[in-house]
Amino acid sequence: MLPSASHLLARRLHDALRSALRAGAFGDGRLPAEPELMAEFHASRDVVREALDLLRRAGLIERRRGMGTVPIRSEYVVRGALSPVGRSLEEHLAVGRIAPRLLHWAWIPAPEVISDRLSGVNPGDDCLCVEYVLLVDDRPLAIFTNYLRSPEAARIDQVAFVDDFYSLLHHGGVAIDTFDIGIQAACADDYAAALLHVMPGEPVMRWSSRFAIVTARSSTMPSEPVAANSNCVSTGSCASI
């Protein structure tokens with residue numbers, strides 16, 4: 001059984017905050033207060049508290065008297081590598097048949113923790129949120145939550161989402177240039193465990209990434225970051241890759 005809509009929203013909020021923590025959005029200071037997060041993410045207090053509790057249990061934040069909620073752990077950042085041009089992720093990895101199980105596809109106002117990581121996007125601007133479980137031979141491998149700028153999002157079609165997200169972007173004519181990945185070891189919480197078909201507490205690898213497109217203006221111009229991407233992958237399922 002899939003987690004409820006409120007639990008999935010708490011997970012998206014958790015992933016967005018984790019991505020912001022990774023990007024150093026809060027520095028050594030405190031996270032926004034609960035009312036601020038409720039307003040920014042259009043979420044209830046229970047959802048916000050659930051997301052913060054997930055971060056706390058993962059060892060990423062803690063409450064300190066007189067300071068509020070503060071970050072306490074860093075992560076490794078590495079340069080990502082994409083499949084060669086003309087090859088799908090399925091062909092490149094050669095681990096089996098890849099397909100998405102779509103959980104959420106909706107236009108939303110960009111929360112500040114997401115807009116801060118997207119070029120030319122202000123808080124409240126429209127962005128597309130795509131959340132899905134990546135299946136390999138019908139077995140859940142990873143949970144992805146992607147936030148895409150509106151100019152690029154308008155070029156992709158949900159009907160064309162039949163394998164991986166990067167192929168979907170390619171199908172829409174969005175060419176990816178580079179991306180980086182922040183990696184953390186963690187334990188599966190109840191909702192990630194339900195989606196990945198593992199036991200709660202089993203080791204998983206969490207990461208967040210931001211990737212950039214090739215701009216059409218000039219090959220010498222810098223690429224623009226167009227999507228903030230948060231995801232969680234089961235290390236047990238990764239062992240065969």
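By convention here, the first residue in the shown sequence is residue 1. These numbers were taken from a predicted model, which means no experiment stands behind them.
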task = Indicate yes or no: does Arg97 engage Asp138 in a salt bridge with an N to O separation below 4.0 Å.
result = yes
ask   = For Leu141 and Leu135, what are the C-alpha separation, side-chain angles and deciding distance, and is it a side-chain contact (heavy atoms from CB on, under 4.5 Å)?
value = CA-CA 6 Å; Leu141 175 68; Leu135 305 175; over 6 Å; no
My understanding is that only residues two or more places apart in sequence, or in another chain, count here; which of them pass side chain to side chain contact (heavy atoms under 4.5 Å, CB included) with [X]?
| X | result |
| --- | --- |
| Ala43 | Leu9, Phe41, Val47, Val48 |
| Asp46 | Ser44 |
| Pro109 | His42 |
| Leu8 | Pro3, Arg12, Leu103, Glu131, Leu195 |

inquiry  = For Ser119, is there any backbone N or O sitting under 3.5 Å from a side-chain donor or acceptor partner on Arg149?
reply    = yes
query = So, does Asp116 use its side chain to make a donor-acceptor pair with the main chain of Val113 at under 3.5 Å?
reply = no
ask   = Quick one: which of Asn146, Thr145, Ile143 gives a side-chain contact (heavy atoms from CB on, under 4.5 Å) with Tyr132?
value = Asn146
remark   = Those residues at least two apart in sequence (or on a different chain) that pass salt bridge (Lys or Arg N to Asp or Glu O under 4.0 Å) with Asp137 are none
Taking all non-hydrogen atoms of both residues into account, name the closest pair between [X] and [Y] and its distance.
| X | Y | value |
| --- | --- | --- |
| Ala10 | Leu54 | O-CD1, 4.4 Å |
| Asp190 | Pro200 | OD1-CB, 3.4 Å |
| Glu40 | Pro111 | OE2-C, 3.1 Å |
| Ala106 | His104 | CB-NE2, 3.5 Å |
| Ser150 | Asp126 | CB-O, 3.6 Å |

Heavy-atom check, side chain of [X] versus side chain of [Y], under 4.5 Å:
| X | Y | answer |
| --- | --- | --- |
| Tyr147 | Leu128 | no |
| Cys127 | Ile108 | yes |
| Ser115 | Asn122 | no |
| Leu37 | Leu31 | no |

message = Does anything in residues 49-62 form a side chain to side chain donor-acceptor pair (under 3.5 Å)? List the pairs, not counting sequence neighbours.
response = His7-Glu50, Glu34-Arg49, Glu50-Tyr191, Asp53-Arg56, Asp53-Arg57, Glu62-Arg64
Rounded distance [0.5 Å steps], CD1 in Ile61 versus OG1 in Thr69 = 5.0 Å
message = Let me confirm one number: the CG-CZ distance from Leu196 to Arg139, rounded to the nearest 0.5 Å.
response = 12.0 Å
Run the side-chain donor-acceptor check on residues 154-165: report pairs under 3.5 Å with partners two or more places apart or on a different chain.
unit_1, atom_1, unit_2, atom_2, d
Arg155, NE, Gly172, O, 3.4
Arg155, NH2, Gly173, O, 2.4
Asp157, OD1, Val159, N, 3.0
Asp164, OD1, Ser167, OG, 2.8
Asp164, OD2, Tyr166, N, 3.0
Asp164, OD2, Ser167, N, 2.9
Asp164, OD2, Ser167, OG, 3.4

task = Show the numbers, then the answer: is there a side-chain contact (heavy atoms from CB on, under 4.5 Å) between Leu102 and Val130?
result = CA-CA 8 Å; Leu102 188 61; Val130 180; 4.0 Å; yes
query = Where do Glu152 and Leu169 land on the side-chain contact (heavy atoms from CB on, under 4.5 Å) test, with the steps shown first?
reply = CA-CA 8 Å; Glu152 290 74 29; Leu169 293 177; 5.7 Å; no
